[in-house]
*Asks:* 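Handing you a structure now.
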Amino acid sequence: AFSMLEQRHDTLAAMLVQSLGDRQRAVRWMCRHQNAFDGRTAYELLADGEADTVWDEIALLSDAPVSARINAVRMAY
């Protein structure tokens, strides 16, 4: 699924990888049910045409300290 994201939303995917530090964390983040998304995944929001909401959350991740970004991904498991 992330490969398809990289093809269809290449800028969003690249920014997410940059924000989280590596591709594997970005893959996990996209699959994680997010409180900020009312329990939906980022993929679900994109499918519903809510890319702006995903962008907003990525912007918040970019502003967060590195340790907070890593913990946000680990919480998915």
Side-chain angles (χ1 to χ4, degrees):
F2 199 80
S3 295
M4 187 62 66
L5 178 73
E6 290 172 315
Q7 291 175 10
R8 295 190 181 194
H9 298 276
D10 57 332
T11 306
L12 187 146
M15 185 60 139
L16 184 58
V17 170
Q18 181 180 343
S19 295
L20 293 174
D22 68 46
R23 189 176 187 277
Q24 188 59 39
R25 285 188 182 118
V27 168
R28 284 186 235 144
W29 187 88
M30 287 296 297
C31 295
R32 181 176 167 242
H33 293 271
Q34 308 273 346
N35 288 335
F37 301 153
D38 295 324
R40 297 183 292 167
T41 68
Y43 286 124
E44 291 171 321
L45 265 72
L46 292 174
D48 292 341
E50 299 180 50
D52 288 343
T53 305
V54 177
W55 271 112
D56 291 344
E57 194 63 21
I58 292 171
L60 291 173
L61 284 173
S62 297
D63 293 339
V66 172
S67 61
R69 286 182 253 158
I70 293 170
N71 288 334
V73 174
R74 286 186 184 151
M75 290 172 51
Y77 292 97

*Asks:* Hey, what do you get for CZ (R25) to CG (L61), rounding to the nearest 0.5 Å?
*Replies:* 12.0 Å

*Asks:* Please report the closest heavy-atom contact between F37 and V54, naming both atoms and the distance.
*Replies:* CZ-CA, 4.1 Å

*Asks:* Backbone N or O of R32 within a donor-acceptor pair of the Y43 side chain at under 3.5 Å?
*Replies:* no

*Asks:* Between the main-chain N or O of W29 and the side-chain N or O of Q34, is there a donor-acceptor pair closer than 3.5 Å?
*Replies:* yes

*Asks:* So do L16 and M30 actually touch side chain to side chain, heavy atoms under 4.5 Å?
*Replies:* yes

*Asks:* Under a 4.5 Å cut-off applied to non-hydrogen side-chain atoms, are T11 and W55 in contact?
*Replies:* yes

*Asks:* Is the shortest heavy-atom distance from the side chain of S19 to the side chain of I58 under 4.5 Å?
*Replies:* yes

*Asks:* Quick one: does L46's side chain get under 4.5 Å of L12's, heavy atoms only?
*Replies:* yes

*Asks:* Distance-only, no hydrogens or angles: does the D22 side chain make a donor-acceptor pair with backbone N or O of Q24 under 3.5 Å?
*Replies:* yes

*Asks:* Any non-hydrogen side-chain atom of R23 less than 4.5 Å from a side-chain atom of E6?
*Replies:* yes

*Asks:* Please find the pair of heavy atoms, one from A26 and one from L20, that lie closest to each other, and give the distance.
*Replies:* CA-CD1, 3.7 Å

*Asks:* Given R40, which of N35, T53, L45 fulfils the side chain to side chain contact (heavy atoms under 4.5 Å, CB included) condition?
*Replies:* L45

